[in-house]
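Naming convention: chains lettered A, B, ... in sequence-line order (proteins, then strands); numbering from 1 in each chain.
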Protein chains: 2
Amino acid sequence: MLTGRIADGNAGPIAQRLWAHGVRIAETVVLGDRVDDIAARVSGAIADGIELLVTTGGLGPTADDLTMEAVARGAGVGLAIDAQARRTVAERTAHMRLDPDLRERLLDRQALLPSGADLIPAAGTAPGAVLAAGQALVVVLPGPPWERAQMWDWAAARAPLSELLARGQHPPRKVLRIFAVPESQFVQAMERLDDRDDEQVGVAVCARDGELEVTLDGPLEALEGVGSHLRDAFGDRVYSDDGQDLDGAVQNALRESGQTVAVAESCTGGGLGERITATPGSSDVFLGGVIAYANSAKESQLGASEELLTRHGAVSAEAARAMAEGVRAALGSDWGISITGVAGPGGGTPDKPVGLVYIGCAGPSGTEVEEHVFRGDRERIRARATVRALHMLRTALT
Amino acid sequence: MLTGRIADGNAGPIAQRLWAHGVRIAETVVLGDRVDDIAARVSGAIADGIELLVTTGGLGPTADDLTMEAVARGAGVGLAIDAQARRTVAERTAHMRLDPDLRERLLDRQALLPSGADLIPAAGTAPGAVLAAGQALVVVLPGPPWERAQMWDWAAARAPLSELLARGQHPPRKVLRIFAVPESQFVQAMERLDDRDDEQVGVAVCARDGELEVTLDGPLEALEGVGSHLRDAFGDRVYSDDGQDLDGAVQNALRESGQTVAVAESCTGGGLGERITATPGSSDVFLGGVIAYANSAKESQLGASEELLTRHGAVSAEAARAMAEGVRAALGSDWGISITGVAGPGGGTPDKPVGLVYIGCAGPSGTEVEEHVFRGDRERIRARATVRALHMLRTALT
């Protein structure tokens with residue numbers, strides 16, 4: 001958990017919540033649906049004195065959903081039907097056309113919990129469970145993220161899990177987000193640190209989409225020391241030191257200034273708008289935009305002239321400028337952000353290679369255009385372009 | 001790996017590639033950046049007689065990048081500077097302003113491979129390695145997906161990894177994708193199977209975004225038997241039995257009919273366009289679209305009248321129809337797909353609750369509108385709506 005990598009990668013939201021409680025994650029294991037393997041892992045973790053074991057997935061009605069059975073076996077207990085769980089599953093599946101006898105068997109199957117476990121009421125159709133086994137608390141959650149999140153929050157608010165989480169040691173921690181700084185530059189800045197701070201502070205760096213997420217652990221004073229040292233070294237490229245992410249920073253900057261934004265996307269195909277609107281409340285600051293994938297759309301929807309597109313090409317600073325100004329005018333927003341580029345794998349030429357991206361930012365005081373060449377595959381080039389566009393807007397706003 | 005869950009979830013592209021070679025994945029483990037933990041895992045895997053161990057991440061220049069050291073220690077060998085790796089890192093970092101002595105130390109650090117390991121040339125700046133240790137082949141790859149994928153393919157095409165992969169036992173396998181079928185209905189269909197097929201075939205089901213991905217393993221004849229049984233049970237809701245996914249099916253159907261599509265998105269904010277354009281070659285069939293997040297955008301860009309939006313609301317069958325027909329007309333595409341709904345968490349009302357989504361599909365022979373109520377959080381509701389919209393287009397096309 002201290003690395004950030006795990007939170008970014010596999011354990012996801014649950015790991016984030018545990019981290020917030022100061023719980024150290026020993027490891028995350030992914031197993032196939034082989035009941036013996038899972039049971040062996042559970043009994044192994046209990047034997048190792050693990051305090052908290054969280055399982056996700058494998059609670060459905062199909063034959064490969066074996067987690068409850070495996071957890072029970074691993075904890076050395078049997079399985080018993082939970083009446084409340086059975087009622088819930090019955091309600092949630094009442095509308096499905098099923099053979100009566102099959103329905104009964106499915107209800108019995110999905111209502112099985114390890115003997116002695118507490119029920120976590122189902123958010124979807126699959127109930128969860130909290131089982132005390134040896135030193136360990138085993139929390140059994142379903143796979144779908146939204147069910148998992150709801151059911152985790154429900155269990156975490158109640159004993160015994162709430163008591164266990166309350167024991168978590170939460171060291172002072174600071175997360176800095178840094179933009180457009182290579183990892184090696186970061187290493188150089190850290191080497192120039194006052195040794196005293198350096199020694200006291202644990203540093204974990206996660207590089208992604210052109211940003212560094214730096215997690216600092218240590219005494220509060222030392223954290224502040226390292227934090228201000230990094231701000232001295234990188235200035236406003238350190239754009240967050242309070243855990244706020246890029247999306248939150250952009251939305252807040254727009255909301256505070258009472259301004260709105262619209263997007264004009266070619267190679268990202270709607271990814272910039274999708275990302276802006278992933279944050280609830282975005283409707284206060286985001287009006288919408290145009291996905292101008294074909295040139296005809298750039299002309300009809302954004303007023304980019306055929307002559308401009310022919311002379312300079314759709315992937316050009318001129319096209320990015322016309323798209324940003326065009327969408328700002330068309331939607332009547334304060335800001336217009338455009339992205340046009342060659343995402344690949346095809347479509348590259350010697351003078352316009354795969355990875356070449358132009359980003360336009362049109363605002364009250366004029367229009368800026370940036371040219372970038374991003375290395376990587378189609379997915380990464382589109383992600384880099386999206387992040388860069390958000391930073392261009394953030395910088396223009398602050 | 002046999003479950004599909006791992007491939008969908010954590011191990012990702014590498015797991016997919018291993019699966020294609022018929023390699024069975026014992027487990028996937030995620031560890032923090034603690035060199036002892038990683039080294040212990042590596043030596044443990046080697047002692048357990050694991051044939052192939054793939055590590056990803058932890059190859060950067062920062063202090064928490066410890067994988068090469070951990071692998072070497074776990075394999076009981078030392079570390080040695082690889083001259084070719086050092087040259088590559090030097091080239092790739094030449095443009096960065098670094099203290100000369102720091103640069104030398106960083107080059108030495110990033111060029112360190114376990115003694116006796118073969119170099120995997122860096123796709124980015126971090127070199128990888130292939131190390132034979134005991135029965136095991138240890139493949140060390142960087143974290144960024146695009147670097148990892150390129151470097152894996154490079155290593156997999158060469159001995160010794162190519163030889164190991166060639167030994168993979170690849171049982172006959174069939175992947176069916178089924179749409180709008182609850183898991184319990186699937187269980188019912190499987191129960192009605194001829195027992196002989198049932199016994200011979202391993203079935204793994206992954207439910208996601210309203211689809212079931214069913215992986216069948218077994219003798220070819222039995223696979224065919226189960227496959228045709230499921231097609232009898234679910235008809236054209238079995239939309240793929242050759243591994244083709246939804247995105248490929250939609251793009252192929254459009255390409256084969258020589259038709260184009262445009263999108264009009266409200267609550268998905270561009271996610272439908274982003275998904276369509278994630279598939280290379282989408283420019284042949286996708287013209288673009290309008291992200292009509294604010295009502296003003298629905299009016300100005302799609303011609304949805306203020307009167308209609310006031311009378312029926314922006315989340316209504318009428319609005320979805322107007323948006324789909326509006327974007328089809330505005331962009332001159334053969335098809336127009338619209339999504340408007342309440343993604344939440346806020347904005348729900350008694351008659352228009354969170355999860356209510358209208359999807360419009362306007363085509364050469366008229367316009368259809370579907371009403372759905374999706375359960376879940378904002379992310380899931382948007383994902384469900386996007387998948388459903390693609391299926392609506394796919395169905396209309398075939």
Against chain A, work out which of B/Asp377, B/Leu98, B/Val290 has the most heavy-atom pairs shorter than 4.5 Å and name it. B/Leu98
Between A/Pro61 and B/Ser184 the two heavy atoms that sit nearest each other are CG-N, 4.1 Å
For B/Gly269 and A/Thr277, which heavy atoms make the closest approach, and how far apart are they? CA-OG1, 3.5 Å
Return yes if some donor-acceptor pair links the side-chain N/O of A/Arg375 with the main-chain N/O of B/Ala123 below 3.5 Å, else return no. yes
Where do B/Arg378 and A/Ser282 come nearest, in terms of heavy atoms and distance? NH2-OG, 3.9 Å
With chain A, which of B/Gly289, B/Gly344, B/Ala294 has the greatest number of heavy-atom pairs at distances under 4.5 Å? B/Gly289
Looking at A/Ser283, A/Ala343, A/Cys267, A/Ser300, which has the largest count of heavy-atom pairs under 4.5 Å with chain B? A/Ser283
Please flag which part of A/Ala63 lies under 4.5 Å from any non-hydrogen atom of chain B: side chain, backbone, both or neither. neither
What closest approach, in Å, do A/Gln188 and B/Arg97 show between heavy atoms, and which atom pair accounts for it? NE2-O, 3.8 Å
For the interface with chain B, which of A/Ala278, A/Pro182, A/Pro345 has the highest count of heavy-atom pairs at distances below 4.5 Å? A/Ala278
Find the distance between CZ (B/Arg380) and CD (A/Glu147) and round it off to the nearest 0.5 Å. 6.5 Å
Interface moiety of A/Glu265 toward chain B, non-hydrogen atoms closer than 4.5 Å: side chain
Taking the side chain as C-beta and beyond, is there a heavy-atom pair between B/Glu183 and A/Met96 under 4.5 Å? no
Looking only at heavy atoms, the pair that brings A/Asp99 and B/Arg192 closest together is OD1-NH2, 2.7 Å
Between A/Ala262 and chain B, which part of the residue has a heavy atom less than 4.5 Å away: side chain, backbone, both or neither? neither
Checking A/Thr93 against chain B: side chain, backbone, both or neither under 4.5 Å from a heavy atom? neither
Hey, are the side chains of B/Tyr293 and A/Leu287 touching, using non-hydrogen atoms and a 4.5 Å cut-off? no
Heavy-atom pair with the smallest gap, counting every atom of A/Val205 and B/Asp64: N-OD2, 3.1 Å
Quick one: what part of B/Pro280 sits under 4.5 Å from any heavy atom of chain A, side chain, backbone, both or neither? both
Largest heavy-atom contact set with chain B, pairs under 4.5 Å, which of A/Gln150, A/Arg105, A/Arg103: A/Arg105
Any pair with a residue in residues 266-280 of chain A that passes salt bridge (Lys or Arg N to Asp or Glu O under 4.0 Å), sequence neighbours left out, goes on the list, sorted by first then second residue, please. A/Asp247-A/Arg275, A/Glu274-B/Arg382
Counting heavy-atom pairs under 4.5 Å with chain B, which one of A/Ala330, A/Ala149, A/Pro145, A/Gly346 comes out on top? A/Ala330
Can you check whether B/Ile291 reaches A/Ile291 side chain to side chain, under 4.5 Å on heavy atoms? yes
Is A/Glu379 in contact with chain B via its backbone, its side chain, both, or neither, using a 4.5 Å heavy-atom distance? neither
Steps toward side chain to side chain contact (heavy atoms under 4.5 Å, CB included) verdict (B/Met190, A/Thr62): CA-CA 9 Å; B/Met190 289 304 290; A/Thr62 61; over 6 Å; no
Turns out that what part of A/Thr56 lies under 4.5 Å from chain B's heavy atoms comes down to neither
When the 4.5 angstrom heavy-atom criterion is applied to A/Asp37 and chain B, the contacting part is side chain
Interchain contact, B/Thr386 with chain A, by part (heavy-atom threshold 4.5 Å): neither
Between chain B and each of A/Gly143, A/Ser296, A/Gly271, count heavy-atom pairs under 4.5 Å; write down the option with the most. A/Gly271
If the condition is salt bridge (Lys or Arg N to Asp or Glu O under 4.0 Å), which residues does B/Asp209 pass it with, not counting sequence neighbours? none
